[in-house]
Amino acid sequence: MGKNNLVLSDDFGLKLTPSALFEIYRHYGISDMDFLAASPLYSCYQYPGRELRKQALSKWKEALGASCIQIFSFTPMPHGYPVNLSDTNPETRARSLRYYLDYMEDAVFLDADYLTVHPGWYYLEEGKARGTSAMMDALFALLERAKEKRIPLLLTPSNAEQTNTLQTYEDIARLFEKAASPWLSLAIDLNLLMANGENPAWYANTPEIRTACLDIQTDLSGLDALMEYTGKHFPPTLPIRLHPIGTVDALQPKQYLSSIQNIMDCLYKTNSLSRIFPQPGLSQPPIQH
């Protein structure tokens, strides 16, 4: 990690211009980004040919480098396209596999540390066992290419909006045990872990599970409790991938900037966050909109 252990991520960032997005990173000393590969930020479907994609990505690479921002995770957007690695339909699963393989090339080009992968959904009438088996087949194929390209996969368990195949510690431990691959890592969804009432020690005491970061979805009302829980149960070296979810209208970029600013100002003023920031208590001046 760079200046601190915070990775900023949020869908609403798509509504900002690159300059406004980079200003957030500069202002708060954030050096690591979760690059969401979705229009209008960037999407492979905007460019019909690989050469055009390289041109677009080259501009992003140059801009990120000039702003001293490293891509911690390159996250393909799963919505708006039938991406489902847990689908028992071979055609759908093969198409989903191609989707991630395609974006893997982009992640490598941008020197991302990880490629985020969402496991997908199984159909209830077919049962979880079949869905899990289908997901593992697809995931193992991705892992072969990940090893070849030397980019780890970052699995993101989450609520049913993104997956119902990988949601509990038992699911995760079983998958990592079977995969047994150094190219597979986990983003622990802290909100889901707390909602499930799971013991964080289960993850720490399972050597097969390679944890890359914590995923935290929060607004100001839940921030203090989440940060206190994080500091109590996880090592200070573990990066936090923060998803600000304040009351924001996606069509109002200024609301997003305000939400980010409120959360970041709170982080800087909270002494318990010395695990993230080198100068706890530092209060940054407001971003000028």
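Since the structure is predicted, the reported quantities are computational estimates derived from the model, not experimental observations.
- Ile172 has its side chain within reach of Pro157: a pair of non-hydrogen atoms, C-beta onward, lies under 4.5 Å apart.
- Considering Lys149, Lys54, Arg53 as possible partners of Glu105, the one that fulfils the salt bridge (charged side-chain N to carboxylate O under 4.0 Å, His left out) test is Lys149.
- More than 12 heavy atoms of other shown residues, nucleotides or ligands fall within 6.0 angstrom of atom CD in Glu170.
- Here the closest non-hydrogen pair linking Leu85 and His118 is CD1-O, 4.0 Å.
- Scanning all heavy atoms of the two residues, the minimum distance from Pro76 to Ala37 falls at CA-CB, 4.0 Å.
- Asp215 contributes atom CG, which lies 12.0 Å from atom CG of Leu193 (distance to the nearest 0.5 angstrom).
- Counting only heavy atoms from C-beta outward, the side chains of Tyr25 and Ser67 never approach each other to under 4.5 Å.
- Taking OH of Tyr42 as the start and CG of Asp106 as the end, the distance is 3.5 Å to the nearest 0.5 Å.
- Taking 4.5 Å as the limit, every side-chain heavy atom of Ile240 sits out of range of all side-chain heavy atoms of Phe234.
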Task: Evaluation steps, side-chain hydrogen bond (donor to acceptor under 3.5 Å, both in side chains), between Arg130 and Tyr123 - done: CA-CA 9 Å; Arg130 291 189 63 191; Tyr123 298 101; over 6 Å; no
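- Of the inter-residue distances, the one linking Thr230 atom OG1 with Ile216 atom CD1 reads 3.5 Å to the nearest 0.5 angstrom.
- Counting only distance, with no hydrogens or angles, the side chain of Glu198 and the backbone of Tyr169 share a donor-acceptor pair below 3.5 Å.
- Here SG of Cys68 is found 11.0 Å from CZ of Phe22. Values are rounded to the nearest 0.5 Å.
- Contact annotation: the side chain of Arg174 never approaches that of Thr132 to less than 4.5 Å [non-hydrogen atoms, C-beta and beyond].
- Listed by chain and number, the residues in a side chain to side chain donor-acceptor pair (under 3.5 Å) with Lys59 amount to none (sequence neighbours excluded).
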TODO: Show your working on salt bridge (Lys or Arg N to Asp or Glu O under 4.0 Å) between Asp189 and Arg241 and close with a plain yes or no.
DONE: CA-CA 10 Å; Asp189 187 323; Arg241 191 165 62 168; over 6 Å; no
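- For the atom pair Ser73 OG and Asp113 CG, the distance stands at 8.5 Å (nearest 0.5 Å).
- In terms of heavy atoms, Lys147 sits closest to Trp183 at CG-NE1, 3.5 Å.
- Under the 3.5 Å distance criterion, with hydrogens and angles disregarded, no donor-acceptor pair is assigned to the side chains of Tyr47 and Gln55.
- Classification of the His233-Tyr229 ring pair by plane angle, with boundaries at 30° and 60°, yields tilted.
- Side-chain N or O atoms of Thr156 include none that pairs as donor or acceptor with a backbone N or O of Ala187 at under 3.5 Å.
- At distances below 3.5 Å, at least one donor-acceptor pair connects side-chain atoms of Gln70 with backbone N or O atoms of Asp111.
- Once rounded to the nearest 0.5 Å, the distance linking CG of Leu57 with CZ of Phe74 reads 6.5 Å.
- Thr165 places a side-chain N or O within 3.5 Å of a backbone atom of Gly120 that can act as its donor or acceptor partner.
- At a threshold of 4.5 Å between non-hydrogen side-chain atoms, the residues Arg210 and Leu184 do not count as touching.
- Among all heavy-atom pairs drawn from Ala141 and Leu97, the shortest one is CB-CD2, 3.8 Å.
- You'll find the side chain of Leu139 reaches within 4.5 Å of the side chain of Leu153, heavy atoms only.
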TODO: Please step through side chain to side chain contact (heavy atoms under 4.5 Å, CB included) for the pair Val117 and Tyr100, ending with a clear verdict.
DONE: CA-CA 8 Å; Val117 175; Tyr100 278 114; 4.1 Å; yes
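- Scanning all heavy atoms of the two residues, the minimum distance from Met33 to Val7 falls at C-CG1, 3.7 Å.
- Closest heavy-atom contact between Asn164 and Tyr122: OD1-N, 2.9 Å.
- Within 6.0 Å of the NZ atom in Lys61, the count of heavy atoms belonging to other residues, nucleotides or ligands exceeds 12.
- Using a 4.5 Å heavy-atom cutoff, the side chains of Leu226 and Asn191 are in contact.
- Inter-residue side-chain proximity for Ser86 and Trp121 is flagged as unmet; no heavy-atom pair is nearer than 4.5 Å.
- In this structure, a donor-acceptor pair under 3.5 Å is absent between the side chains of Thr92 and Asn84.
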